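To keep things clear, I will list the structure first and then write my remarks on it.
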Amino acid sequence: MITQTTDLTYSAPHWRRVTRHPALMEYRRLFALVAAVNLTVLAFGIRDGLWFESGTFRLDRIADMALINLSLGILIRQQRVINALFWLATRIPVSWPLWIRWGAGKVFHFGGLHYGGTIAGTLWFGFLLFAMAADRVNGTPQVSGLTLALSGMMIALMTLMILTALSRFRAKFHNAFEKIHRFAGWTVLALFWAQTVSISNDMGVNLASTPAFWMLCLITLSIASPWLTLKQVDVEIVKPSNHVALAKFDYGDTPFAGSSNAISHTPFGEYHAFANIPAPGETGYRLAISRAGDWTGAFIDNPPKKVWVKGITTSGVARIEVLFRKVVYVGTGSGIGPILPHLLKGEVPNRLIWSTRSPRKTYGDALVDEIEANTEKPLIWDTDSRGKPDLSALALQAVKESGAEAVIVISNQKLTRKVVHDMETLGIPAYGAIWDS
């Protein structure tokens with residue numbers, strides 16, 4: 001057992017505690033990179049006269065910048081693109097230097113590009129709307145009133161999407177966020193098509209000959225693709241307790257370890273993504289769904305016989321385990337769900353620290369026995385009998401004892417960020433969800 005005298009700061013230089021702080025995580029660094037690139041392009045464009053020429057604004061160039069940024073923001077969140085990013089990052093062999101693998105493991109921070117691209121694209125569209133209106137005021141209109149109106153509606157909806165995607169609103173009103181993001185997003189896409197057609201008519205150009213047309217085709221396919229695979233499937237549910245439900249699926253899809261699927265009660269309702277738990281030699285997969293709100297509570301209290309599954313199996317944080325020779329998994333409560341498939345697969349040697357209330361009473365003997373049989377010296381900490389542990393201290397102890405190269409944390413936001421920060425200030429690569437969606 002780790003005592004509270006364990007010193008987590010003995011080798012943590014102050015500069016590393018600052019540079020590895022959650023406020024400076026890779027997600028925000030990517031956002032800053034997108035902002036810096038756009039500000040540089042804007043500044044050089046002003047200097048070189050790229051945005052204004054012969055008494056009128058260069059609407060085509062401004063529109064191109066808006067489209068480039070929005071395309072980045074949308075496509076980087078496409079499920080197949082996400083899987084490709086994870087595939088590429090995990091091609092790095094464990095023989096490479098640890099600092100390279102450490103950085104590659106941060107691939108799941110790609111959301112910074114989504115956030116940066118959508119905000120920058122919206123600002124460029126704002127610039128475009130201003131340029132259209134300014135030309136009209138100056139008596140040199142280049143586009144019709146219809147194009148101007150369509151652009152204004154697009155910007156209003158995109159601004160609404162950005163404001164409701166802010167973390168505080170998203171956390172407090174998640175259902176509203178999801179509906180606004182979905183239906184406002186579809187409306188913006190339709191307006192984008194209408195605006196592109198309208199501009200082409202205004203400019204007298206062939207729509208199919210413009211890069212915007214083909215990029216819009218790609219964006220439309222990207223947004224539509226998860227819905228093209230929408231299906232209603234059977235589910236078998238076992239409830240070890242009133243706190244958790246184990247959902248079993250077998251509809252022809254056996255996902256890989258380190259992935260998730262999104263499910264809902266209705267085809268266009270509220271979707272929740274859960275980590276898949278496939279078992280070697282078995283078809284299908286399980287999901288561990290714990291009581292954490294209205295949706296999960298209703299799922300446990302009134303288990304459905306069928307649910308809707310949207311999109312394809314998508315890579316998640318723990319898939320990066322293959323970048324390391326050995327890892328320590330730290331989980332709390334139902335965080336064991338994303339961890340369990342890696343224990344069962346056994347591809348990477350690991351140590352497990354699982355902190356939860358009455359594990360056998362809550363999750364059942366079968367699941368706990370399965371965990372104990374598939375990992376080396378698991379530490380299952382019963383918080384009902386032992387209180388809450390110092391997870392950072394436990395993780396550090398496990399790293400020292402096992403020689404693990406990295407720590408992967410599956411917990412709530414506060415604990416995840418604390419453990420990741422504590423480990424990384426000690427020079428230990430650490431990973432956990434960043435709640436960016």
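Keep in mind the model is a prediction, meaning the values are calculated, not measured.
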Could you tell me which residues satisfy ring pair (Phe, Tyr, Trp, His ring centres under 6.0 Å) with Phe31, sequence neighbours excluded, listed by chain and number?
Tyr115
Could you tell me which residues satisfy salt bridge (Lys or Arg N to Asp or Glu O under 4.0 Å) with Arg319, sequence neighbours excluded, listed by chain and number?
none
Sidechain-backbone polar pair: Glu178 side chain, Tyr271 backbone, donor-acceptor under 3.5 Å:
yes
Output all residues satisfying side chain to side chain donor-acceptor pair (under 3.5 Å) with His114, sequence neighbours left out; order by chain, then residue number.
none
Residues pairing under ring-ring contact (aromatic ring centres under 6.0 Å, His included) where one sits in residues 404-423, two or more places apart or in two chains, turn out to be His21-His421
Glu372: salt bridge (Lys or Arg N to Asp or Glu O under 4.0 Å) partners, not counting sequence neighbours:
Arg360
How would you list, by chain and number, every residue that makes a side chain to side chain donor-acceptor pair (under 3.5 Å) with Asp382, sequence neighbours excluded?
none
Checking Trp435 against Thr416: is there a side-chain donor and acceptor pair closer than 3.5 Å?
no
Residues forming a ring pair (Phe, Tyr, Trp, His ring centres under 6.0 Å) with Trp102, sequence neighbours excluded
none
Residues passing the ring pair (Phe, Tyr, Trp, His ring centres under 6.0 Å) test with Phe249, sequence neighbours excluded, are Tyr285
Do Arg17 and Thr425 meet the criterion of a side-chain donor-acceptor pair at a distance under 3.5 Å?
yes
Test side chain to side chain donor-acceptor pair (under 3.5 Å) applied to Thr314 - qualifying residues, sequence neighbours left out:
Gln79
Determine whether a donor-acceptor pair (N or O, by modelled atom type, separation under 3.5 Å) exists between the side chain of Thr362 and the backbone of Pro359.
no
Applying salt bridge (Lys or Arg N to Asp or Glu O under 4.0 Å), name anything that partners Lys310, two or more places apart in sequence or on another chain.
none
Could you pull out every donor-acceptor pair under 3.5 Å between side chains of residues 157-164 and any protein atom, sequence neighbours left out?
from, atom 1, to, atom 2, distance (Å)
Thr159, OG1, Ile155, O, 2.8
Thr164, OG1, Leu160, O, 2.9
Thr164, OG1, Met161, O, 3.2

Residues which pass side chain to side chain donor-acceptor pair (under 3.5 Å) with Glu236, listed by chain and number, not counting sequence neighbours
none
